[in-house]
Amino acid sequence: MDKYSRGKATTASEVATLTLPDAKVELPIRIGTENERSVDISELRSESGYITLDEGYGNTGACSSEICFIDGEQGILRYRGYPIEQLAENSRFTEVAWLLISGELPTQSQAADFSALLTEYELLHEGLRHHFEGFPPDAHPMAMLSTMINAASCYHPDLLELTDDDHLMEAAAKLMSKVRTIAAFSYRKSKGQPIVYPDPALSYCRNFLHMMFSIPYAQYEASPTMVRALTLFLLLHAEHEQNCSTSTVRMVGSSGANLFASVAAAVCALWGPLHGGANVEVMRMLEQIQDSGASVREIVDRAKSGDSFRLMGFGHRVYKNFDPRALILKKAADDLFSEMGKADPLLQIAEELEEIALNDEYFIERKLYPNVDFYSGIILRAMGIPRNMFTVMFAIGRMPGWIAHWREQFHAADRIHRPRQLYIGPTKRDYVPMDQRR
Ligand code: CMC
C-alpha cells in the first residue's frame with residue numbers, strides 16, 4: 001500500500017470576526033478541496049471564554065477527512081473523489097473497500113492479494129464458533145454481531161496494537177471477512193439451522209449468499225442479478241462520512257481503543273431506527289399500509305399532520321436533493337424483480353408513495369426526498385434476507401468506511417475527542433441527609 005499522505009485544508013487570507021458582548025475574536029477560515037468553507041473555532045474558548053453550541057452537531061466539522069465528499073444540495077456522493085455512479089457501474093465491493101481504506105483504486109495484483117486475504121481469513125476460530133451457543137435462540141443479530149466482533153479480537157491479540165499499514169490491512173481484511181461469516185452464522189443460528197462454512201472458491205458476495213442459504217447437500221446458486229444487487233447494496237452503504245456510526249468509530253478510536261472495539265461500538269450506533277434501522281421501519285410502514293388497506297394518500301397526509309409519524313425512508317440530514325444511492329438501488333430492485341418475473345406488492349406501494357410525496361408541497365418545501373433506505377429493504381427482502389438482518393447487512397457494507405476512518409485517525413494521531421457542553425442543571429446546592437428529604 002502506498003505511504004499514506006494526509007491532505008490539508010488551506011487557510012484563507014480572510015478571517016471571520018466574531019463580535020461577542022465582551023470581546024471581538026478573529027477566527028481563521030479553512031477551505032477544503034471542494035471549496036467548502038469552515039470557521040476554525042478551536043482557539044475560541046482560550047481566547048474569549050466562549051464555546052460554540054450546536055446540538056446534534058448539525059453544523060460542526062469534527063475532523064478534516066479525505067475519504068468521502070457529499071454535496072447534499074446537489075445530490076453528489078464521491079468516495080475518494082470517484083462519483084458513486086461510476087463505482088456502482090464498474091466496481092466490485094472488495095475493490096471499493098480497498099479504495100476507501102487505502103485511498104487509491106487497487107491495481108490488479110493488489111485486488112487479487114486483497115481477495116486472497118479475505119478468503120484466507122474467512123473461517124472463524126472454532127473456539128469463537130462456540131460463542132454462538134451461548135446466545136438465546138431469539139437473540140438480535142445486531143447484538144450478536146457487536147459482541148462477536150469484540151470476541152473475535154480475543155482470538156487475534158496481535159491485531160490489538162497495530163504497528164504499520166500492512167498490519168492494519170491484515171486487520172481490515174480479517175474484520176471484513178470474519179464479519180461476513182459471523183453475520184451468516186448468526187442468521188443460521190436464529191433459524192436453528194446448521195452452520196454452513198464459507199467456500200474459498202466463491203467471491204465475497206456469492207460466498208455470503210452461500211453461507212446464508214445453502215443447506216447440506218443443496219448448494220444455493222445465486223443468479224448474477226442477485227449477486228449484482230448484493231454488490232450494489234454493500235457498495236452503496238460502504239461510506240457516508242461523519243454519520244452517527246462513523247463518528248462513533250472516530251470518537252471511540254480517538255481514545256486509543258483498538259479497531260475491533262471501535263467497530264463494535266459503531267455496530268451499536270448503527271442499530272438505531274433513525275440510522276441503520278431505518279430500512280426496517282420502511283418495510284414495517286409499507287406492510288402496515290398493505291395490511292390496513294389505508295390509501296397511500298392517507299399515509300402521506302398523516303406524515304404531514306404534525307403528529308410524530310414520519311414517512312420512513314424520506315428526508316436526510318445532509319441530502320436536500322435526491323439521495324444518489326436511492327436512484328441506483330431503485331434500478332437494481334427493478335432488475336431483480338424483472339428477473340424473478342414477479343413484482344413485490346410492497347415495491348408498488350413504495351413507488352406510489354414516492355410519486356405522491358414528490359409532488360406534494362409539504363415534501364417539496366422541506367426538500368424531503370427518498371433516501372437509501374427507501375429501496376434497500378425491498379432489495380434485501382427480494383434476496384430472502386429476513387428483516388432482523390437488514391441492519392447487519394448495512395454493517396457489512398459500512399465496514400470499509402469505518403475502517404478507513406479509523407485508519408485516517410490512527411495516522412493523524414488526533415487528540416482524544418472530547419466535546420464540551422452548555423451546563424443547564426442546578427446551580428450549587430448543599431447535600432440533604434436522607435431523613436430530611438421530602
Ligand atoms: N416525514 C415527514 N416529515 C418529515 C420527515 C419525514 N420522513 N423528515 C423530516 N420531516 C419534516 C420535519 O417534521 C420537519 O418539519 P417542520 O419544519 O414542519 O418541523 C422538517 O421536515 C425538518 O425535519 P428535521 O427533523 O429537522 O430533519 P433532520 O435533518 O433533523 O432529520 C431525518 C433527518 C433523516 C432524521 C428525518 O428526515 C427522518 O426522521 N426521516 C425518516 C427516518 C429515515 O428515513 N432515516 C434514514 C436516514 S438515511 C440513513 C442514514 O444515513 O443513516
Side-chain angles (χ1 to χ4, degrees), residues 54-60 67-73 75-77 79 84 142 233-250 266-286 288-289 296-330 346 350 353-380 387 390-399 401-402 405:
D54 178 21
E55 295 190 11
Y57 308 125
N59 199 39
T60 294
I67 301 168
C68 178
F69 174 68
I70 302 176
D71 181 332
E73 269 67 39
I76 291 174
L77 169 61
Y79 295 168
I84 193 67
M142 283 300 269
F233 174 89
L234 297 178
L235 186 153
L236 293 171
H237 283 82
E239 162 61 7
H240 216 232
E241 52 118 303
Q242 306 307 316
N243 53 79
C244 179
S245 56
T246 303
S247 300
T248 300
V249 166
R250 295 190 81 117
V267 169
C268 295
L270 188 71
W271 196 350
L274 293 185
H275 189 14
N279 55 11
V280 175
E281 298 305 319
V282 171
M283 297 311 288
R284 219 170 257 152
M285 178 184 76
L286 296 176
Q288 272 166 10
I289 298 174
V296 170
R297 165 60 63 195
E298 281 171 68
I299 297 300
V300 171
D301 287 343
R302 195 177 149 210
K304 291 158 54 180
S305 68
D307 74 11
S308 59
F309 175 75
R310 286 187 167 194
L311 219 49
M312 297 311 288
F314 262 77
H316 198 277
R317 175 59 65 82
V318 177
Y319 292 117
K320 301 301 169 196
N321 196 325
F322 242 94
D323 178 341
R325 303 167 300 172
L327 291 175
I328 299 169
L329 274 188
K330 180 172 195 285
L346 295 190
L353 201 61
E354 178 182 337
E355 167 84 23
I356 294 181
L358 287 180
N359 290 301
D360 190 294
E361 222 19 70
Y362 174 95
F363 290 86
I364 296 171
E365 232 173 58
R366 289 168 180 76
K367 301 190 166 98
L368 300 169
Y369 292 87
N371 59 47
V372 68
D373 293 304
F374 194 64
Y375 285 106
S376 66
I378 288 172
I379 288 219
L380 294 175
R387 211 193 280 172
F390 283 9
T391 323
V392 170
M393 300 300 295
F394 190 157
I396 300 174
R398 186 53 57 86
M399 204 54 61
W402 288 338
H405 282 273

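Whatever order the structure lists them in is the order used to number ligands and atoms, beginning at 1. Heavy atoms only: backbone and side chains are in, while hydrogens, waters and symmetry mates are out.
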Validation row: Val392, Met142 side chains within 4.5 angstrom (heavy atoms): yes
Contact list for residues 272-285, test salt bridge (Lys or Arg N to Asp or Glu O under 4.0 Å), sequence neighbours left out: Glu281-Arg284
Applied to residues 363-373, the salt bridge (Lys or Arg N to Asp or Glu O under 4.0 Å) test, sequence neighbours excluded, yields none
Test ring pair (Phe, Tyr, Trp, His ring centres under 6.0 Å) on Phe394 and His240; report intermediate values, then the result. CA-CA 12 Å; Phe394 190 157; His240 216 232; 9.1 Å; no
Who are the residue neighbours of ligand 1 when the rule is a heavy atom under 4.0 Å from any of its atoms? Leu274, His275, Ala278, Ala303, Arg310, Leu311, Met312, Gly313, Phe314, Gly315, His316, Arg317, Lys320, Tyr362, Arg366, Leu368, Asn371, Asp373
Can you tell me if CG on Asp54 sees more than 12 non-hydrogen neighbours from other groups inside 6.0 Å? yes
With sequence neighbours excluded, give me every side-chain hydrogen bond (donor to acceptor under 3.5 Å, both in side chains) pair touching residues 308-318. none
